[in-house]
Amino acid sequence: MGLQLYNSLTRRQEEFEPLEKDSVGIYVCGPTVYGHAHLGHAKSYVSFDILVRYLRYLGYRVTYVQNITDVGHLTDDADEGEDKIGEAAKREKKHPMALAESYTRSYFEDMDKLNCVRPDISPRASGHITEQIELVKTLLAKSYAYEVNGSVYFDVSKFKEYGKLSGRNIEEMVAGSRVEVSPDKRNPVDFALWKKAEPNHIMQWPSPWGMGYPGWHLECSVMSMKYLGATIDIHGGGLENQFPHHECEIAQSEAANGVPFVRYWLHNNMVTVDGQKMGKSLNNFITLKQAFAGQHERLTKRYDPLAVRQLILNSHYRSPIDFSDAALFAAQSGYNKITEAVQAVRKKAATAPQGQIDGNVAEQLKQLKDRFEAAMNDDLNTSIALSVVFELVRLANNALQDGSAAAQTFGAIDDLFGRLGGEVLGIVKDEYPQLAAVDDELTDMLVTILIEQRSEARKSKDFARADALRTRLDEAGVVLEDKPDGTTWRKK
RNA sequence: GGCGGCGUAGCCAAGCGGCCUAAGGCGACGGUUUGCAAAACCGUUAUUCGCCGGUUCGAAUCCGGCCGCCGCCUCCA
């Protein structure tokens with residue numbers, strides 16, 4: 001059985017079959033670049049990164065498109081309010097495009113640290129104004145939209161299937177509508193395709209309806225069809241965007257093209273911090289940069305970006321995840337365990353005697369690989385997949401204790417670490433910098449001198465002095481490990 | 001108010017009708033190893049899956065009720 005994915009549109013798990021054999025187009029709703037990326041972004045983009053990586057592992061040619069929203073996303077969704085980018089630009093006294101540029105870079109920086117593969121195309125909304133205007137024109141021509149006072153709205157009553165993704169019906173929404181309705185709209189649930197810009201609005205473009213700017217939902221429809229076609233295989237995004245954003249995308253796209261917009265809709269669940277929704281007012285809003293630096297009052301230490309990634313993979317993408325210092329701490333410990341095993345295996349693969357691969361190990365490796373793939377095929381069950389990697393760690397450590405194992409055995413273990421833990425899960429790196437040299441050379445030299453002193457003391461059985469040195473180093477955050485071939489050190 | 005989700009060991013988290021007397025990780029404890037540690041390895045740590053009923057030969061898994069928590073519907077990935 002091949003890859004099964006849970007499709008939000010049908011609310012069922014389905015066998016994945018791309019439109020074109022062997023090649024897959026994926027569109028994922030990207031960030032609105034008005035601030036640094038936070039833990040919520042990490043969960044979403046790591047989740048879809050896993051999807052892309054696994055599809056490639058299975059041999060598909062994947063085109064991964066993820067937009068950068070740099071215009072049109074308003075501070076509230078009633079089609080009123082300020083443009084998020086514009087508002088932040090005023091606050092930071094920057095040109096909106098400068099602001100968007102700097103946070104776009106910040107975003108890529110963080111995603112690189114989380115080891116997310118870069119999208120093949122990262123289209124900017126502001127770079128596709130022409131195409132967005134074209135789509136509005138098409139919708140007007142087909143009578144799915146109407147113009148009022150320089151703004152254009154989508155007429156939801158014309159699109160009978162509106163609500164099919166989020167399971168809502170228009171009547172109920174109208175009745176329960178809590179937001180103030182723009183008097184220009186014929187129907188409260190209608191949404192803006194194009195908004196007339198007030199003279200002081202920072203970003204605006206000429207259009208057939210006067211100066212204005214695109215509605216937020218429009219960009220995804222336009223860029224998705226431009227780069228991946230009218231019908232795409234997979235569209236991913238956060239659950240909070242299922243309604244209204246994705247519902248509106250479907251309406252616009254299908255009304256304009258007359259064909260299904262997306263075949264598989266995938267939504268990742270949300271993030272909480274210490275059990276509560278993450279919000280600036282709750283003082284639990286943690287950016288990735290803060291997590292990586294350990295600079296937040298909710299965090300006791302800095303966390304390795306890949307430990308954050310591992311914590312995300314520890315649960316299913318459709319389950320919510322609660323970030324807490326304790327959870328991050330546990331993930332960091334587990335991540336270290338994997339990292340240390342991989343490094344030890346690689347060292348042995350290079351130094352152990354040549355010989356035959358252990359048949360028993362080879363058989364176990366095959367079983368682990370099969371179980372890993374079965375888990376991933378089951379709607380990307382990374383929790384199980386990760387547990388398989390931990391079993392591989394145990395297998396590796398057992399082999400390391402077996403003095404007779406050949407280099408080939410370690411080579412095979414390393415290979416599976418690379419494929420499963422590296423290629424697919426992205427928590428095993430191809431190369432690890434010398435741990436000691438990470439921070440600075442001077443520290444390494446000084447610690448090395450102290451280790452030599454202690455080794456001499458141990459040789460002359462002066463254990464009191466040796467232990468005193470170790471204790472002092474421990475107090476300074478340096479942990480010593482005596483191994484058969486010498487003493488190594490690491491930071492606590 | 002409308003819609004949806006969740007409640008499994010000290011903590012995180014899989015499992016969603018029989019291979020479950022419930023994966024994996026963290027933590028804790030005992031053992032091997034070590035001059036002593038650390039790391040690693042071996043073992044122990046839920047006869048039970050929020051509570052109460054029901055369906056079934058059989059339920060953590062399905063149904064009903066209750067309790068608790070969370071999310072979306074309003075900017076958010």
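Labels below follow one simple rule: chain letters A, B, ... track the order of the sequence lines, proteins then strands, and each chain is numbered from 1.
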4.5 Å side-chain heavy-atom contact, Pro31(A) and Gln66(A): yes
rA14(B) to rC73(B) separation - C1' atoms, rounded to the nearest Å: 30 Å
Whole-Å gap separating P (rA77(B)) and CG (Asn67(A)): 10 Å
Partner residues of His128(A) under the ring-ring contact (aromatic ring centres under 6.0 Å, His included) criterion, sequence neighbours left out: Tyr227(A)
Summary of salt bridge (charged side-chain N to carboxylate O under 4.0 Å, His left out) pairs that have at least one residue in residues 309-338 of chain A, sequence neighbours excluded: Asp49(A)-Arg309(A), Arg318(A)-Asp379(A)
Proximal nucleotide (of rG27(B), rC72(B), rA23(B)) relative to the Ser333(A) side chain: rG27(B)
Proximity to the side chain of Glu391(A) - top-ranked nucleotide from rC41(B), rA77(B), rG24(B): rG24(B)
Nucleic acid contacts - residues 39-51 of chain A versus RNA chain B, non-hydrogen atoms under 4.0 Å: Gly40(A), His41(A), Ser44(A), Tyr45(A)
Anything under 3.5 Å between a donor and an acceptor, one on a side chain of residues 461-472 of chain A, the other on a protein residue two or more places apart or in another chain? List them.
unit_1, atom_1, unit_2, atom_2, d
Asp462(A), OD1, Arg465(A), N, 3.3
Arg465(A), NH2, Gln453(A), OE1, 3.0
Thr471(A), OG1, Asp467(A), O, 2.7

With Phe292(A) via ring-ring contact (aromatic ring centres under 6.0 Å, His included) - residues at least two apart: none
Reading 5' to 3' through nucleotides 13-22 of chain B, protein heavy-atom contacts under 4.0 Å coded B for base, S for sugar-phosphate only, - for none: SSS-------
With Tyr6(A) via ring-ring contact (aromatic ring centres under 6.0 Å, His included) - residues at least two apart: none
Sugar-phosphate only, base, or nothing, as touched by Lys483(A) at under 4.0 Å among non-hydrogen atoms: nothing
Whole angstrom value for the distance that separates C1' of rA38(B) from CG of Asp474(A): 9 Å
Under the side-chain contact (heavy atoms from CB on, under 4.5 Å) test, residues paired with Glu161(A) that sit two or more places apart: Phe159(A), Lys164(A), Glu254(A)
Listed partners of His316(A) passing ring-ring contact (aromatic ring centres under 6.0 Å, His included), at least two apart: none
Pairing pattern in dot-bracket form [Watson-Crick, G-U; both distances under 3.5 Å; | = partner strand] for RNA chain B: ((((((((.[[[..)..(.....]]]((((((.......))))))....[[[[[..)....]]]]])))))))....
Touch class at under 4.0 angstrom, heavy-atom based, for Leu386(A) against every strand present: nothing
Pairwise C1' distance, rC67(B) and rC52(B) [rounded to whole Å]: 10 Å
Where at least one partner belongs to residues 387-406 of chain A, residue pairs that pass salt bridge (charged side-chain N to carboxylate O under 4.0 Å, His left out), sequence neighbours excluded: Arg371(A)-Glu391(A)
Give me, pair by pair, the N or O atoms of the protein and of nucleotides 31-36 of chain B that are less than 3.5 Å apart, along with how far apart they are.
unit_1, atom_1, unit_2, atom_2, d
rG35(B), O6, Arg454(A), NH2, 3.4
rG35(B), O6, Arg458(A), NE, 3.1
rG35(B), N1, Asp467(A), OD1, 2.9
rG35(B), N2, Asp467(A), OD1, 3.4
rG35(B), N2, Asp467(A), OD2, 2.6
rC36(B), O2, Arg470(A), NH2, 2.3
rC36(B), N3, Arg470(A), NH1, 2.8
rC36(B), N3, Arg470(A), NH2, 3.1
rC36(B), N4, Asp482(A), OD2, 3.1

Closest nucleotide among rC26(B), rA38(B), rA77(B) to the Arg490(A) side chain: rA38(B)
Value in whole Å for how far the C1' atom of rA40(B) lies from CG of Asn398(A): 9 Å
Touch class at under 4.0 angstrom, heavy-atom based, for Val271(A) against every strand present: base
